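The structure appears right after this line, and notes come after that.
Here the structure is a predicted model, which is why all the values come from computation and not from measurement.
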Amino acid sequence: MSEAAQASVIPDAERRAVGKFLRRMLPILVLMLLVNQMDRTNVGFVQDELRADVGVSATAYGLGAGLFFIGYALFEVPSNMLLERFGARVWLTRIMITWGAVIVAMCFIHSVWMFYALRFLLGVAEAGFFPGVLLYFTQWLPDSSRGRASAIFLGGSATAYIVTGPITGALLELHGAGGIAGWRWMFALEGAFSILVGFIAGFFLVSRIQDARWLTQEEKDALGEAVARDKEARDRAPRTSRLKLILHPQVALLTAVFFAMALTGYAITFWLPSLVDDIGGLSPFQVGLLTAVPWICAVIAMYTMAHFTDRAPDRRPYLAIALVLSAVGTFLATLGSPWFGLAALTLAAVGGKCAATLFWPMAQSGLDLRIAAPGLALVNSIGNLGGFVSPTLFGYLQDTTGSTNGGLYTLSAASVLAVCGVAFIHRTRTAAPSLPETATTRA
């Protein structure tokens with residue numbers, strides 16, 4: 001066979017192999033992410049129940065909700081190192097089964113300190129799942145195919161916000177069945193489902209390309225060679241210390257902007273059910289349905305925004321507009337009735353989701369390629385600590401002032417400051433493209 005013919009065969013075999021991976025592996029990975037997001041945020045629906053049954057005050061609730069992110073941040077890197085050692089099939093399955101076990105244990109909460117400990121342990125158990133899946137993609141997919149896989153995978157995160165409310169609300173309707181409180185049923189059943197999905201994933205996931213029985217030898221070789229070429233290119237990149245990355249102006253700026261975005265996103269996630277419940281006269285299932293409304297609007301707006309900005313020469317104006325919407329929404333939520341607050345937080349959620357869609361592609365193109373991969377990972381890990389700060393702040397303000405308005409004002413101010421920071425984010429990379437772009441963060 002001529003060299004030209006061989007060149008045409010290898011890409012075709014590679015495309016077939018990538019297609020098989022997307023059809024066989026992505027569905028279970030998306031399901032795992034959906035359950036992951038539901039399990040980390042379901043505590044937002046039982047704030048009142050935890051106060052009544054366990055004595056968890058608003059301050060304690062906010063701190064407990066945020067402690068998840070401390071455990072997650074501390075163990076994210078070690079978890080990824082262990083994934084490389086044991087393989088995705090073993091390690092991702094282990095992560096899911098252990099976080100399911102922690103969720104089941106939460107149905108036995110009887111004190112504030114137990115609530116704190118289990119939220120922290122949930123972060124430890126989940127640590128490494130999201131970046132682990134993205135690392136798994138680098139082991140299976142060439143750079144040219146990873147963007148599509150990452151986009152499909154991230155869709156599971158967006159969907160989770162929509163389905164969490166109705167599912168959790170329906171489980172809370174079991175209150176009193178067998179003499180057990182509804183929130184305990186919710187934790188027990190959602191945790192058991194996570195464990196079940198974890199065991200199922202163990203049968204589907206394949207750690208190495210050469211172990212995939214559903215690939216022909218030609219497809220294995222073609223895909224393996226493509227992945228090896230990309231890995232070799234990444235390995236040639238110079239290493240940069242975390243301290244130097246933190247001090248890098250663009251990395252620091254991107255971290256600050258993402259931190260502001262995370263403040264708003266997680267504040268809405270953990271406090272929206274409580275606001276909806278203030279409407280009054282609603283069953284837990286109805287509360288769950290209403291909490292899905294902001295996220296449905298946000299996901300529609302997110303994909304619409306992505307469609308119109310994919311080829312935009314400069315995303316910064318669109319990102320600034322999205323952050324302004326977020327700021328206006330959180331400010332308006334301090335005015336009027338709970339129904340008006342729901343509408344205002346819907347606007348804030350739309351702004352937040354659209355901002356995330358615009359931020360990460362811009363962040364990838366805004367960093368020098370020599371520091372892109374580690375820089376984005378650092379932005380994600382530090383920026384996500386906004387998930388600790390915002391619920392903790394809201395809980396403290398709720399107990400000390402009787403209102404979360406101060407927290408909402410803080411979110412508005414943070415979004416406005418982020419708008420100012422956006423103007424200084426670089427539009428294009430400053431080095432020749434020697435490394436592929438890598439998606440390292442969740443929308």
Item to check | Tyr72 six-ring centre to Arg40 NZ/CZ under 6.0 Å and within 45° of normal | outcome: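 The answer is yes; both the distance and angle limits are met.
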Next on the checklist: Please check if the number of heavy atoms outside Tyr396 that lie under 6.0 Å from its OH is greater than 12.
Outcome noted: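 Incorrect, the count does not exceed 12.
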Checklist entry - Would you say Arg94 has more than 12 foreign heavy atoms packed within less than 6.0 Å of its CZ? => result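 Correct, the count exceeds 12.
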Checklist entry - Looking at Phe394, Trp271, Phe259, Phe69, which hits ring-ring contact (aromatic ring centres under 6.0 Å, His included) with Tyr266? => result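 When Phe394, Trp271, Phe259, Phe69 are each tested with Tyr266, the ring-ring contact (aromatic ring centres under 6.0 Å, His included) holds only for Phe69.
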Item to check | Nearest-0.5 Å distance that lies between atom CD1 in Ile167 and atom CD1 in Ile162 | outcome: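 One gets 11.5 Å once the value is rounded to the nearest 0.5 Å.
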Item to check | CG-CE distance between Leu172 and Met186, expressed to the nearest 0.5 angstrom | outcome: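 These two atoms lie 5.5 Å from each other.
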Next on the checklist: Before we go on, tell me: are the rings of Phe130 and Phe153 under 6.0 Å apart, centre to centre?
Outcome noted: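 Centroid distance Phe130-Phe153: below 6.0 Å, so yes.
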Checklist entry - Do the ring centers of Phe120 and Tyr116 come within less than 6.0 Å of each other? => result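 Between Phe120 and Tyr116, the centre distance exceeds or equals 6.0 Å.
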Item to check | With Thr330, the side chain to side chain contact (heavy atoms under 4.5 Å, CB included) member among Thr264, Leu325, Thr410 | outcome: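 That would be Thr264.
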Checklist entry - Is it true that the side chains of Glu190 and Thr168 contain a donor and an acceptor less than 3.5 Å apart? => result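 There is such a pair between these side chains.
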Item to check | Nearest atoms (heavy-atom pairs only) where Thr255 meets Gly383 | outcome: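 Reported closest heavy-atom pair: CG2-N, 4.2 Å.
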Item to check | Minimum heavy-atom distance Val35-Ser194, with the two atoms named | outcome: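 Closest heavy-atom pair between Val35 and Ser194: CG1-OG, 3.1 Å.
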Checklist entry - Looking at Asn42, Asp48, Asp53, which hits side chain to side chain donor-acceptor pair (under 3.5 Å) with Trp183? => result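 So the option named by the test is Asp53.
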